[in-house]
Amino acid sequence: MKPQDIAQLLDEPACGHNQKSKSGCARPKPGATAGGCSFDGAQIALLPIADVAHIVHGPIACAGSSWDNRGTRSSGPKLWRIGMTTDLTEQDVIMGRGAKRLFHSIKQAVADYRPAAVFVYNTCVPALIGDDVDAVCKDAEKRWGIPVVPVDAAGFYGTKNLGNRIAGEAMVKHVIGTREPNPVPDHLQRPGITVHDIALIGEYNIAGELWHVLPLLDELGLRVLGSLSGDTRFREVQTMHRSEVNMMVCSKAMINVARKLEEKYRTPWFEGSFYGASDMDHALRAFAKIIGDPGLVQRTEELIQRENLHLNEQLDPWRGRLRGKRVLLYTGGVKSWSVVAALHDLGLDVVATGTKKSTEEDKARIRELMGDDAVMIEDGNPRALLDMVANLKADILIAGGRNMYTALKARVPFLDINQEREFAYAGYTGMVELARQLALSLESPVWSAVRKPAPWDEG
């Protein structure tokens with residue numbers, strides 16, 4: 001990828017940073033990729049496309065270190081679960097055999113698995129030695145007659161967020177708009193209901209969360225043409241240009257996709273969240289309002305009223321047990337504010353939230369929810385987190401899996417909220433699961449046991 005292309009992705013017109021500075025998003029600083037490089041960001045953004053062969057062009061460590069590090073789910077093909085790499089060695093680099101190995105890797109993937117497409121992720125080593133990945137992909141596509149998509153996301157280009165945008169750029173350039181949608185399926189065709197096509201951008205179906213939402217969208221007559229990229233198929237991504245409205249889910253990581261689809265196909269978009277009842281209500285209403293179908297608006301209000309009534313009945317027992325508990329939330333991006341809304345719905349008090357990967361818009365939403373004096377955490381090192389837990393008298397730490405042992409060693413209840421989690425918290429159904437997991441964590445008898453003095457210290 002050329003320097004000017006990277007600069008263009010960082011200088012995103014639809015991003016709030018550009019309103020404050022002509023320099024766009026901050027350039028990566030030394031050590032910034034320790035939290036995820038561009039390759040990592042590109043791969044995790046596209047890996048949920050389940051029927052594609054994902055080939056990592058580079059040393060085996062790139063594939064090994066990044067494989068299976070996201071709790072996404074698929075309702076069908078399992079091809080995305082197979083880690084594929086060209087496994088470049090020192091000899092390949094010295095002898096200039098990288099492009100040849102890539103060509104043969106694509107050949108093997110096509111012959112063994114018959115994928116809907118092949119995605120090739122360029123990494124640091126082949127980018128440094130100058131492998132022409134685009135040319136190899138074009139030759140392979142011509143040779144075997146299936147789409148072969150280059151994703152030029154060498155790790156040294158920048159951060160994980162930049163990798164997300166690079167992945168989205170590859171989809172806009174090579175995939176979206178290359179196929180027309182199938183006819184509306186029979187289960188969506190009902191008398192008096194006009195089916196409308198929508199798309200989701202930055203939704204990854206972590207722990208199967210999308211499956212909590214899809215039945216509601218089906219009931220409203222909203223067909224999800226494609227989800228970039230949770231539990232989706234290559235053919236679905238190809239048709240996203242026919243969406244009537246796009247919802248940006250994940251912290252504007254792929255805001256470039258939403259903007260370019262709006263520019264090229266006149267598709268309106270909005271940013272929303274499926275976490276918490278209030279945000280779920282807002283997302284459904286936004287679809288109905290933008291589409292402008294009176295029947296859809298009516299169905300949406302009826303569904304929201306029904307679901308909230310049922311949800312409140314289910315949450316009443318949990319709210320009594322959770323009300324007033326103090327939560328320290330250390331995450332980032334869309335979850336830095338969307339999970340706050342969900343916790344408020346449950347009656348918890350969020351004493352601080354993390355903003356390491358949050359945009360200025362995310363921080364503005366946090367202030368709307370928590371007030372102008374909201375405590376925002378930029379430095380998430382273990383000592384700082386534990387000091388904040390103690391100073392703010394937090395009852396539980398909600399954070400990513402890497403912080404679990406920090407909390408447990410300090411004998412603080414912990415709940416995993418990030419991409420490795422096993423439980424789905426989105427939608428109305430997810431709210432009940434979130435309440436249940438919070439109560440289980442807070443009320444576990446282990447805390448009273450481990451906080452007691454050891455028998456030999458009791459004197």
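What's counted below: heavy atoms across the whole structure, side chains too, no hydrogens, waters or symmetry copies. This chain uses plain numbering: 1 for the first residue, then up along the sequence.
Going from atom OG1 of T239 over to atom CG of N182 covers 8.0 Å, rounded to the nearest 0.5 Å. The distance from atom CG of L261 to atom OG1 of T267, rounded to the nearest 0.5 Å, is 6.0 Å. Put simply, CD on E302 and CD on Q298 are 4.5 Å apart, with the number rounded to the nearest 0.5 Å. Rounded to the nearest 0.5 Å, atoms OG (S229) and CH2 (W80) are 10.0 Å apart. We find the CZ-CG distance between R299 and L216 to be 13.5 Å, quoted to the nearest 0.5 Å. Residue L440 holds its CG atom at 5.5 Å from CD of Q437, rounded to the nearest 0.5 Å.
Between L343 and the choices V339, D345, V340, the side-chain contact (heavy atoms from CB on, under 4.5 Å) rule is met once, by V339.
For the pair S441 (side chain) and P413 (backbone), a donor-acceptor distance under 3.5 Å is absent. With hydrogens and angles ignored, the 3.5 Å screen pairs a side-chain donor or acceptor of E209 with a backbone N or O of Y425. Counting only distance, with no hydrogens or angles, the side chain of N381 and the backbone of A384 share a donor-acceptor pair below 3.5 Å. When atom types are taken as modelled, the side chain of N122 and the backbone of A153 share no donor-acceptor pair closer than 3.5 angstrom. Distance alone, capped at 3.5 Å, is enough to place a donor-acceptor pair between the H212 side chain and the A426 backbone. In this structure, S243 contributes its side chain and M240 its backbone to no donor-acceptor pair below 3.5 Å. A distance-only check finds a donor-acceptor pair linking the side chain of R451 to the backbone of R411 [under 3.5 Å]. Under the 3.5 Å distance criterion, the side-chain polar atoms of H282 are left unmatched by any main-chain donor or acceptor of F274. Judged by distance alone, the side chain of N246 and the main-chain N or O of A258 form no donor-acceptor pair under 3.5 Å. Looking at N205, its side chain never comes within 3.5 Å of a backbone N or O of T72 through a donor-acceptor pair.
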Walk me through whether L222 and I291 qualify under side-chain contact (heavy atoms from CB on, under 4.5 Å). CA-CA 10 Å; L222 297 175; I291 291 172; 3.7 Å; yes
Test E263 against K260 for salt bridge (charged side-chain N to carboxylate O under 4.0 Å, His left out), laying out the working first. CA-CA 5 Å; E263 291 176 354; K260 291 193 173 183; over 6 Å; no
Applying side-chain contact (heavy atoms from CB on, under 4.5 Å) to R323 and L348, what does each step give before you reach the verdict? CA-CA 5 Å; R323 187 172 290 110; L348 291 109; over 6 Å; no
Evaluation steps, side-chain contact (heavy atoms from CB on, under 4.5 Å), between L385 and Y330: CA-CA 8 Å; L385 277 181; Y330 181 66; 3.9 Å; yes
One pair to check against side-chain contact (heavy atoms from CB on, under 4.5 Å): Y275 and M280. What are the steps and the verdict? CA-CA 6 Å; Y275 292 112; M280 187 68 194; over 6 Å; no
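Between E236 and R233 there is no salt bridge, since none of the side-chain N atoms of the basic residue sits less than 4.0 Å from a carboxylate O of the acidic one. Using a 4.0 Å cut-off between charged side-chain N and carboxylate O, R326 and D349 make a salt bridge. For E219 and R306, the salt-bridge test passes: some basic side-chain N is under 4.0 Å from an acidic carboxylate O. Between E180 and R235 there is no salt bridge, since no side-chain N of the basic residue sits under 4.0 Å from a carboxylate O of the acidic one. With salt bridges taken as basic N to acidic carboxylate O contacts below 4.0 Å, one links D40 and K160.
Applying the 6.0 Å contact sphere to CD of E443 captures more than 12 heavy atoms from other residues, nucleotides or ligands. Within 6.0 Å of NZ in K78 there are more than 12 heavy atoms belonging to other residues, nucleotides or ligands. In the displayed structure, Y405 atom OH is contacted under 6.0 Å by at most 12 heavy atoms of other residues, nucleotides or ligands. Within 6.0 Å of atom NE2 in H344, more than 12 heavy atoms from other residues, nucleotides or ligands are found, so the atom counts as buried in its surroundings.
The shortest distance between side-chain heavy atoms of T232 and P48 does not fall below 4.5 Å. A heavy-atom distance below 4.5 Å is not found between the side chains of D316 and W318. L46 is listed as a side-chain neighbour of M171, based on a closest heavy-atom distance under 4.5 Å. The shortest distance between side-chain heavy atoms of L386 and L397 does not fall below 4.5 Å. Between V257 and L228, the closest side-chain pair of non-hydrogen atoms falls below 4.5 Å. Contact annotation: the side chain of M431 approaches that of L315 to within less than 4.5 Å [non-hydrogen atoms, C-beta and beyond]. Using a 4.5 Å cut-off on side-chain heavy atoms (C-beta onward), L438 and L415 make contact. A 4.5 Å side-chain heavy-atom check between L217 and L284 finds at least one atom pair inside the cut-off.
The two residues I304 and Y428 have their closest heavy-atom pair at CG1-OH, 3.9 Å. S227 and L210 make their closest contact through OG-CD2, 4.1 Å (heavy atoms, listed as atom of the first residue, atom of the second, distance). Between G41 and N164, the shortest heavy-atom distance links the atoms O-ND2, 2.8 Å. Smallest separation of non-hydrogen atoms from Y121 and L47: OH-N, 4.2 Å. When all heavy atoms are compared, the tightest approach of R190 to G221 is NH2-N, 3.6 Å. The minimum heavy-atom distance between A277 and N308, with the atom names listed, is CB-OD1, 3.7 Å.
Ring geometry for F119 versus F234: interplanar angle over 60°, hence perpendicular rather than tilted (30 to 60°).
The closest side-chain donor-acceptor pair between D281 and S278, if any, does not fall under 3.5 angstrom.
The six-membered or imidazole ring of F39 lies away from that of Y157, with a centre-to-centre distance of 6.0 Å or more.
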